[in-house]
Amino acid sequence: MLEMNILRSDQDRIKTALKKRNLTPETLAQIDEIIALDDSRKATQTRLDKLLAEANQKSREIGQLFRQGETEKANVLRNEVNDHKGEIKDLEDNLKQVKESLSQMLFEIPNVPHELVVQGKGEEENVVVRDWNGDLPSFSGFSPLPHWDLADKYQLIDFGLGAKITGSGFPLFRGKGARLERALINFFLAEAEKAGYEEIIPPLLVNPDTARATGQLPDKEGQMYYVEKDDLYLIPTAEVPVTNMLRDETVSLEELPVKLTGYTPCFRREAGSYGSDVKGLNRVHQFDKVEIVQVAHPDHSYQILDEMVAHVESLLDKLELPFRILRLCGGDLGFTSAMTYDFEVFSAAQEKWLEVSSVSNFETYQSNRLNLKYRDGKSKPALVHTLNGSALALARIMAAILENNQDGSGINIPWALHSYTGFERID
RNA sequence: GGUGAGGUGGGUGAGUGGCUGAAACCACCGGUUUGCUAAACCGGCGUACUCUUAACGGGGUACCGCGGGUUCGAAUCCCGCCCUCACCGCCA
């Protein structure tokens, strides 16, 4: 969530920037409400502190008087303290309530877009910052099959069995399909470790505090699978457990940037999706993903964002996949992000660009909720910037690899994966 | 799941109702000393909120796992929850 003191001191800039998200006027008006409510919070706080100070003072005197045997005077004071108890209780309750509604209202204000982010309604207005200028895969002598047909033909993925065991959107990988999946995971992890990321294998279920801290709750509650009996959520991305490792921590300057990577399956209910978008691997309830996370000094976070984008580029280069990079416009930008680059890979048979990675700088939006700070020696602890990105999401990469590398009689595995798969071709 | 012990500041750890925001030690920072290092000595050393100040700073409040309660007053007493450790049960 946004920082209250910045919201107060910088509200014009923030309002202007938030307009890029095409927010309703009501949402923008909420900022004024928040500030007004915060004013009343301060007043209540001040009044309460004053009463408590008095009560504390008198309590100390009572102790002294009792020791001196002056019980009468003590009793007078005791009654005085009791007289204010009602008001103190009211103020405390009021304060608690106000704080709660304040944070609830703050949760509803999305992050402030970076100045490079353009205004826009939706994905059509995203800015292509790096287009694909090479050739797109072309096929002669046969018509390319979409990946779900290839998966079937070469027995790589069995969607029917997945549906039988669990339901639709839970693919079952088998044989060379399973090995290719595992090869991709290992390849991505190895590349991340080469780039200096520490590998994490986190829990796949998280408690509500954790889900709240990275912003999945209350925002995306309906998108997560929930285990009611134990009050736990299945993670929609490794970002959730990995970023929460640092919740309520203060890191020293030398520890920055913290670089973490983790492979996990990701679980998403994807309520409301339908049509060709969900065919095959395009949109599934369970998929594998290697995530990269960085915790950075605010002065360096955009440099680090570029570094992370370059890392994802290098992965796609090595996989020989045609891709383009978009900077999301205000309307398409995620709720918690200040700037996001999306990577799209061309899937040759579907003739579609598929989103395979999203790399974002959250600035202090996440760290504020996480209470994640750094200390630079002398000054007070300050909030860090957090960033994360997929490097990469497996399902759609798999789809693109299968479709782009088919030659009519089989599928050629990209060279970079050979040592991970142990085979060079599927046929 | 059962029983027992325990959760105090960056760490170890004292503290069973007021003089304890919290001893002591370690770590850390500053200083004295020193050819350098070390040692010794002196000083400093939590966070959040709030009021005040041009600022340095100063005042107040809250926080001893979390949430309630008792009391004029709670780290300390009571209740609930969470977590850790040990043993038992179950188990990949």
Side-chain angles (χ1 to χ4, degrees), chain A residues 1-9 34-106 201-213 217 227-233 241 244-256 258 265 295 364 366-384:
Chain A
M1 59 179 143
L2 294 179
E3 296 169 80
M4 182 60 86
N5 55 349
I6 294 180
L7 191 63
R8 293 186 75 107
S9 62
I34 288 173
I35 289 169
L37 193 59
D38 193 49
D39 286 339
S40 88
R41 190 204 103 244
K42 285 188 177 198
T44 308
Q45 182 74 255
T46 304
R47 172 77 185 142
L48 175 63
D49 284 355
K50 210 170 171 181
L51 287 178
L52 285 173
E54 265 173 45
N56 285 342
Q57 172 61 28
K58 284 176 180 165
S59 292
R60 274 190 290 269
E61 284 174 32
I62 290 168
Q64 268 175 354
L65 290 170
F66 271 126
R67 249 169 284 123
Q68 292 160 4
E70 308 209 46
T71 39
E72 277 175 43
K73 283 189 184 172
N75 282 328
V76 173
L77 278 181
R78 186 142 71 179
N79 290 334
E80 283 180 29
V81 175
N82 277 332
D83 285 344
H84 289 289
K85 276 203 157 176
E87 192 183 352
I88 288 176
K89 182 97 178 78
D90 287 347
L91 288 170
E92 279 175 343
D93 291 348
N94 178 267
L95 194 63
K96 202 170 160 182
Q97 212 176 8
V98 167
K99 279 183 177 172
E100 245 164 63
S101 31
L102 261 181
S103 59
Q104 217 159 46
M105 287 168 85
L106 273 178
I201 300 180
L204 304 182
L205 286 87
V206 296
N207 60 38
D209 281 347
T210 296
R212 227 184 321 274
L217 288 180
V227 181
E228 193 171 5
K229 201 166 182 181
D230 297 291
D231 196 18
L232 296 172
Y233 293 88
N244 267 279
M245 287 165 63
L246 291 145
R247 169 152 51 98
D248 293 324
E249 297 289 332
T250 301
V251 298
S252 66
L253 209 52
E254 306 82 66
E255 294 173 81
L256 296 177
V258 178
V295 173
T364 61
Q366 253 183 356
S367 59
N368 190 28
R369 218 189 282 201
L370 282 164
N371 189 26
L372 169 52
K373 301 181 173 180
Y374 72 96
R375 189 195 300 279
D376 71 351
K378 287 178 185 159
S379 58
K380 288 192 158 199
L383 294 172
V384 298

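Below, read A as the first sequence line, B as the second, and so on, with proteins coming before strands; counting in each chain starts at 1.
Near RNA chain B, meaning a heavy atom under 4.0 Å from it, residues 74-83 of chain A has A:R78, A:V81, A:N82 in order of number.
A salt bridge links A:R41 to A:D38: at least one charged side-chain nitrogen sits closer than 4.0 Å to a carboxylate oxygen. Ion pairing of A:E61 with A:K73 is absent here, as no side-chain N (NZ or NE/NH1/NH2) approaches a carboxylate O to less than 4.0 Å.
Rounded to whole Å, atom P of B:A48 lies 12 Å from atom CD of A:E3. B:C72 atom P lies 9 Å from atom CZ of A:F66, rounded to whole Å. Atom CG in A:D248 sits about 15 Å away from atom P in B:G65, given to the nearest Å. Rounded to an integer number of Å, the gap from A:N5 CG to B:A48 P is 11 Å. Atom C1' of nucleotide B:C81 and atom CG of A:D209 are separated by 13 Å, given to the nearest angstrom. Taking atom CG on A:L51 and atom P on B:U50, their separation rounds to 18 Å, with Å as the unit. Counting to the nearest Å, the P atom of B:G46 and the CG atom of A:N371 are 18 Å from each other. Put simply, CD on A:E255 is 14 Å from P on B:G10, counting in whole angstrom units.
One finds no side-chain N or O of A:K373 lying less than 4.0 angstrom from the OP1 or OP2 phosphate oxygen of B:U47. Phosphate proximity of B:U47 to A:R375: present, with a side-chain N or O under 4.0 Å from OP1 or OP2. At the phosphate of B:A48, OP1 or OP2 sits under 4.0 Å from a side-chain N or O atom of A:K380.
Counting only heavy atoms from C-beta on, A:I62 has its side chain closest to B:G18 among B:A48, B:U50, B:G18.
Between A:T46 and A:K58, the residue anchored nearer the 5' end of RNA chain B, judged by the nucleotide with its closest heavy atom, is A:T46. Along RNA chain B, the nucleotide nearest to A:E61 and the one nearest to A:R41 differ in position, and the one closer to the 5' end is contacted by A:E61.
Partner assigned to B:G73 is none, using Watson-Crick or G-U wobble distances below 3.5 angstrom. A 3.5 Å limit on both hydrogen-bonding distances identifies no Watson-Crick or G-U partner for B:A39. Base pairing annotation: B:C49 forms a Watson-Crick or G-U wobble pair with B:G60, both donor-acceptor distances under 3.5 Å. Base pairing annotation: B:A86 forms a Watson-Crick or G-U wobble pair with B:U3, both donor-acceptor distances under 3.5 Å. With a cut-off of 3.5 Å on both pairing distances, B:A54 has no Watson-Crick or G-U wobble partner at all. Look at B:C91: it lacks any Watson-Crick or wobble partner with both distances under 3.5 angstrom. With a 3.5 Å ceiling on both atom-pair distances, the Watson-Crick or G-U wobble partner of B:A24 is B:U12.
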Between A:T71 and A:F66, is a side chain to side chain contact (heavy atoms under 4.5 Å, CB included) present by the stated rule, with each step listed? CA-CA 6 Å; A:T71 39; A:F66 271 126; 3.5 Å; yes

Please walk me through it: do A:L7 and A:L106 pass side chain to side chain contact (heavy atoms under 4.5 Å, CB included)? CA-CA 10 Å; A:L7 191 63; A:L106 273 178; 3.9 Å; yes

May I have the step-by-step check of side chain to side chain contact (heavy atoms under 4.5 Å, CB included) for A:V206 and A:N244, ending in yes or no? CA-CA 10 Å; A:V206 296; A:N244 267 279; over 6 Å; no

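The gap from the P atom of B:G13 to that of B:G30 amounts to 29 Å, rounded to the nearest Å. Atom name C1', nucleotides B:A27 and B:U76: the rounded distance is 28 Å, in whole Å. Rounded to whole Å, the P atom of B:G46 lies 15 Å from the corresponding atom of B:G21. Atom C1' of B:U70 sits at a distance of 22 Å from the matching atom of B:U61, rounded to the whole Å. To the nearest whole angstrom, the two C1' atoms, one in B:G17 and one in B:G73, are 8 Å apart. Comparing the C1' positions of B:A5 and B:G10 gives an interatomic distance of 26 Å, to the nearest angstrom. Spacing between B:U33 and B:A39 at atom C1', rounded to whole Å, works out to 11 Å. Of the P atoms belonging to B:U71 and B:C81, the separation is 23 Å, rounded to the nearest Å.
Enclosure of atom CD in A:E72 is not indicated, since only 12 or fewer non-hydrogen atoms of other residues, nucleotides or ligands lie within 6.0 angstrom. The environment of CD in A:Q57 is crowded: more than 12 heavy-atom neighbours from other residues, nucleotides or ligands sit within 6.0 Å.
Partners of A:D230 under the salt bridge (charged side-chain N to carboxylate O under 4.0 Å, His left out) rule, at least two apart in sequence or in another chain, do not exist in this structure. By the salt bridge (charged side-chain N to carboxylate O under 4.0 Å, His left out) test, A:R247 pairs with no residue at all, sequence neighbours left out. Taking A:K42 as the reference, nothing meets the salt bridge (charged side-chain N to carboxylate O under 4.0 Å, His left out) condition, with sequence neighbours excluded.
One side chain, A:N75 or A:R78, offers a donor N or O that lies under 3.5 Å from an acceptor on the other. Side-chain contact annotation: A:N207 with A:T210, donor-acceptor N/O pair under 3.5 Å present.
In this structure, A:Q45 CD and A:L52 CG are separated by 9.0 Å, a value rounded to the nearest 0.5 Å.
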Per-nt protein contacts along nucleotides 57-62 of chain B (heavy atom under 4.0 Å; B base, S backbone sugar-phosphate only, - none) come out as ---BSS

All N/O pairs under 3.5 Å across the protein-nucleotides 66-68 of chain B interface:
unit_1	atom_1	unit_2	atom_2	d
B:G68	OP1	A:K96	NZ	2.6

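When each of A:M1, A:K373, A:M4 is checked for a side-chain contact (heavy atoms from CB on, under 4.5 Å) with A:N368, only A:M1 meets the rule.
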